[in-house]
Each structure stands twice: as C-alpha cells, then as structure tokens.
Amino acid sequence: MKTKRTFRFTRMIRNIVLGLTTIMLIVVLVNQVLSRYEHKKYPAWGQYVEVDGKKMHVYTKGTEGSAIVLLSGLGTISPVLDFEPLINELANHHKVVVVEPFGYGWSDMTDKERTVENIVGELRSVLQKAKIDGPYILMPHSISGIYSMYYANKYPDEIKAIVGIDITLPQAVDYFKEPVPTMPKYMSLVVPSGLARLASYISPGIVLPQADEGTYTLENLKMTQIITAWKAYNKNVVNEAREIKNNIAATKDMVFPPSLPVMIFTPPSDKVNADGKSNLTFYEDQLRKLDQHQLIIIKGHHYLHWTQYKQISADVNMFLNNSAALE
C-alpha cells in the first residue's frame with residue numbers, strides 16, 4: 001500500500017539523519033578531546049604576554065640591531081610556523097620578532113572587534129610588555145600592510161622602516177575599482193565542528209606551505225596541521241575578514257611618511273587591467289613620493305617567503321644597510 005511505502009521512506013530518511021547526526025557529534029567530541037590533549041602536549045615556541053587579560057604569543061630569534069617585526073596575512077594559521085624559514089635567515093643579522101595576533105597560532109581568542117585600531121593597539125602593547133625596544137622595522141605580509149600603514153601614521157617615531165611582502169594597501173580598492181573581499185560568518189563553525197581537523201589530514205596540501213621538500217621541518221608541518229584544527233577560520237579571523245572594508249575606510253587617506261624607508265616584494269604581474277594597471281603599477285604609484293624606496297619583483301606566489309626566503313633576507317639586509325635613515 002502507498003501508506004506503508006511512505007512510512008518506510010520516512011523511516012529511512014529519519015535513520016539517515018540520525019546516523020549523520022551521530023557521526024557529527026562523535027567528530028565534534030573527538031575534536032574537542034584531541035584539542036585539549038594537544039594544547040598540553042605541544043607548548044608554545046615563544047613566550048606568552050598578557051594583553052587585555054588574554055595571552056598573546058611572541059617568538060623572538062637573533063639579537064643584533066633593530067627588531068624586525070613580522071606580521072602575517074589574514075588567516076595564516078600560525079605566523080611563527082609560517083615564517084620559520086625567513087625567521088632563520090633574517091636572524092643571522094637581525095633580532096626577529098613574530099607576534100601571533102589573537103585568534104592565531106598559540107595566542108588566545110578575544111572578544112574585541114578586529115578593527116585596525118584594536119589590532120595595532122594590541123601589537124604595540126605586546127611589544128612594549130615583552131620589552132622589545134623600538135623603533136621597529138615592520139615586515140608585513142598581505143593584509144598586514146593596512147595595519148603597518150596605520151601604525152606608521154599614528155606612531156611614526158616607533159617605526160624605522162617597512163618591508164612588505166606582497167602587501168595589501170588601503171588605496172588598492174579605489175585604484176583597481178574592485179569590491180572589498182569578505183567572509184561569511186558560518187566559516188567560524190569550521191573549527192568547533194571538527195571539519196578543520198578532518199580537512200587538514202584528508203587533504204594536507206590545502207593547509208601546508210607550498211615549498212620545496214626540506215624547507216619546513218617535519219615538526220613544523222605537523223604543528224601546522226594540529227593548529228589548523230585549533231584555529232582555522234575561527235571567529236577572530238572571520239571578524240577580521242569582515243572588518244576589512246571598515247579598516248580600509250579608516251586608512252584610505254593615509255600614505256607612508258615621505259622620510260620612511262619602504263621596500264616591497266611582489267611576484268610578477270599575472271593580471272593587467274584594460275587600462276594597464278597591475279600590482280606593479282600600483283606599488284610604483286605608492287612608492288614614488290618616498291625619499292627611500294625599493295620595489296623588488298620575485299618569481300613566486302602570494303606567500304613569497306615560502307620559497308624565496310633566502311633572497312628576501314639578502315635583499316632586506318642590503319636595503320637596510322644602504323638606507324641613510326637607518327644609520
């Protein structure tokens with residue numbers, strides 16, 4: 001009878017839903033248990049500094065000269081792990097500092113909005129509390145270019161130079177007339193659901209650096225997968241992505257101070273607009289009014305430091321040694 005067939009179908013759908021729900025609950029529970037265990041087993045590489053009642057992770061290496069402060073791009077799982085090859089190269093001649101913002105790496109989460117004011121304020125606070133003396137050489141990657149622009153304008157006496165790795169600058173939106181990227185709120189469910197852990201082990205290529213074998217240690221790669229399960233697309237990262245438009249608005253009228261030495265690394269232009277605009281013409285436009293500047297084109301992708309860390313380090317050393325403002 002039709003009624004019996006309908007009942008069987010309904011029962012089948014119910015069983016499928018219950019089965020999937022059970023599996024998801026198991027995945028969530030296992031993820032929570034493993035995360036607690038991993039936090040105890042794998043301590044932070046650097047030191048914790050308290051900022052606004054939360055712990056922020058700071059890693060340093062090297063002792064010479066002014067501090068080079070590496071700042072990561074949006075969503076970089078652990079800046080300390082991501083920058084490790086570059087850290088090791090730069091530390092031969094400089095004191096290198098990596099601050100993992102709230103929501104990244106071994107740092108805590110925060111309830112504060114990810115505005116440029118808060119992010120830079122937290123960065124200044126952690127550097128001061130960690131007793132890392134300025135003025136600093138900021139070395140931002142990607143979205144951190146906006147934070148470096150803000151820092152250099154609001155606190156110019158604290159910044160000695162800026163070295164950008166394919167950085168995002170607030171003027172790019174108007175220059176290219178492109179929409180500001182964002183991120184849906186539901187992405188913040190990736191970690192608590194356990195999906196980040198599953199993805200990092202089923203397809204590690206999507207979370208690990210695209211570098212030659214041996215560039216990153218096996219310990220580093222293992223920790224990158226583990227921290228992906230802790231922090232991928234968490235609420236702080238999603239909020240930071242959703243604040244990009246506001247942070248650009250807050251900095252779009254800012255420019256680098258003319259006397260500030262600025263160096264930018266960028267890959268070759270893979271996209272040239274109909275009007276001839278590209279990332280190269282954009283950076284040239286941003287740098288042309290500065291007394292000391294340099295634009296270096298390096299073969300590679302957006303994360304240039306994954307593969308070109310040796311050249312970046314060598315060029316940074318030369319630029320800093322030749323910049324009169326740094327003497």
Side-chain angles (χ1 to χ4, degrees), residues 49 51-58 69-80 82-83 98-127 136 138-155 158-159 162 164-192 196 207 227-228 230-256 279 282 286 302-303:
V49 178
V51 177
D52 296 331
K54 303 285 187 178
K55 292 186 300 182
M56 190 173 283
H57 181 221
V58 182
V69 182
L70 289 163
L71 306 175
S72 68
L74 175 68
T76 298
I77 298 301
S78 171
V80 168
D82 188 73
F83 282 128
V98 182
V99 175
E100 295 196 314
F102 289 128
Y104 288 77
W106 278 276
S107 292
D108 285 344
M109 305 287 290
T110 182
D111 293 326
K112 294 183 69 174
E113 293 297 309
R114 299 296 78 206
T115 63
V116 63
E117 295 88 350
N118 287 342
I119 290 172
V120 172
E122 291 157 2
L123 174 61
R124 292 184 69 232
S125 181
V126 76
L127 290 172
Y136 312 110
L138 296 184
M139 196 164 180
H141 171 236
S142 196
I143 197 68
S144 290
I146 292 175
Y147 312 145
S148 297
M149 175 72 80
Y150 183 88
Y151 201 143
N153 276 265
K154 290 294 184 179
Y155 311 100
E158 298 179 16
I159 306 301
I162 288 180
I165 302 175
D166 206 25
I167 50 176
T168 301
L169 294 175
Q171 296 80 12
V173 173
D174 287 341
Y175 186 84
F176 292 108
K177 293 180 171 48
E178 294 179 348
V180 177
T182 187
M183 188 179 294
K185 286 185 177 181
Y186 64 75
M187 289 299 293
S188 61
L189 298 175
V190 168
V191 166
V207 301
I227 297 180
T228 295
W230 301 352
K231 294 289 177 65
Y233 299 108
N234 63 74
K235 67 176 185 178
N236 287 163
V237 173
V238 172
N239 183 259
E240 183 182 359
R242 296 176 68 83
E243 280 289 338
I244 291 177
K245 185 175 182 178
N246 293 332
N247 290 337
I248 286 176
T251 54
K252 69 176 183 177
D253 295 327
M254 295 180 178
V255 295
F256 290 124
N279 61 311
F282 171 69
Q286 295 298 304
H302 183 50
Y303 281 75

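- Contact between V116 and A250 at its shortest, heavy atoms only, is CG1-CB, 4.1 Å.
- In this structure, a donor-acceptor pair under 3.5 Å is present between the side chains of E158 and Y151.
- In this structure D166 satisfies the side chain to side chain donor-acceptor pair (under 3.5 Å) test together with T266, Y283, H302, sequence neighbours excluded.
- Residues passing the side chain to side chain contact (heavy atoms under 4.5 Å, CB included) test with N246 are E243, sequence neighbours excluded.
- Side chains of I167 and M149 form no contact here, defined as non-hydrogen atoms less than 4.5 Å apart.
- Side-chain contact check for F83 versus M139: every heavy-atom pair is 4.5 Å or farther apart.
- Taken from NZ in K252 to NZ in K245, the straight-line distance is 10.5 Å, to the nearest 0.5 Å.
- Judged purely by atom type and a 3.5 angstrom limit, T76 has no side-chain atom pairing as donor or acceptor with the backbone of P79.
- S148 pairs by the side chain to side chain contact (heavy atoms under 4.5 Å, CB included) definition with L71, L138, P140, I162, not counting sequence neighbours.
- Remark: the backbone N or O of K54 is not paired with any side-chain donor or acceptor of D52 at under 3.5 angstrom.
- Note that the CD1 atom of I119 and the CD1 atom of I143 stand 8.5 Å from one another [nearest 0.5 Å].
- Shown here are the side chain to side chain contact (heavy atoms under 4.5 Å, CB included) partners of K185, two or more places apart in sequence or in another chain: R242.
- Residues passing the salt bridge (Lys or Arg N to Asp or Glu O under 4.0 Å) test with E113: none are found, sequence neighbours excluded.
- The distance from atom CE of M56 to atom OG of S125, rounded to the nearest 0.5 Å, is 8.0 Å.
- Of the possible polar contacts, one joining the D108 side chain to the K55 backbone as a donor-acceptor pair under 3.5 Å is found.
- Contacts of F282 classified as ring-ring contact (aromatic ring centres under 6.0 Å, His included), with partners at least two apart in sequence or in another chain: Y175, F176.
- Checking each of H57, K231, E100 against S78 for a side-chain hydrogen bond (donor to acceptor under 3.5 Å, both in side chains) leaves exactly one that passes, namely E100.
- With contacts defined as side-chain heavy-atom distances shorter than 4.5 Å, the pair E240/L74 qualifies.
- The backbone N or O of T115 sits nowhere less than 3.5 Å from a side-chain atom of N247 that would complete a donor-acceptor pair.
- Checked by atom type and distance alone, the side chain of Q171 never pairs as donor or acceptor with a backbone atom of V255 at under 3.5 Å.
- With contacts defined as side-chain heavy-atom distances shorter than 4.5 Å, the pair Y150/E117 qualifies.
- In this structure, N236 contributes its side chain and M109 its backbone to no donor-acceptor pair below 3.5 Å.
- Taken from CD1 in I244 to CG in N239, the straight-line distance is 10.5 Å, to the nearest 0.5 Å.
- Counting only N and O atoms by type, the side chains of Y303 and S142 include no donor and acceptor under 3.5 Å apart.
- Side chain of T251 to backbone of I146: no donor-acceptor contact under 3.5 angstrom is found.
- Of the inter-residue distances, the one linking L123 atom CG with N118 atom CG reads 12.5 Å to the nearest 0.5 angstrom.
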Stepwise salt bridge (charged side-chain N to carboxylate O under 4.0 Å, His left out) check, R114 with E122 = CA-CA 10 Å; R114 299 296 78 206; E122 291 157 2; 2.7 Å; yes

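- Between the Y104 side chain and the G75 main chain, a donor and an acceptor come within less than 3.5 Å of each other.
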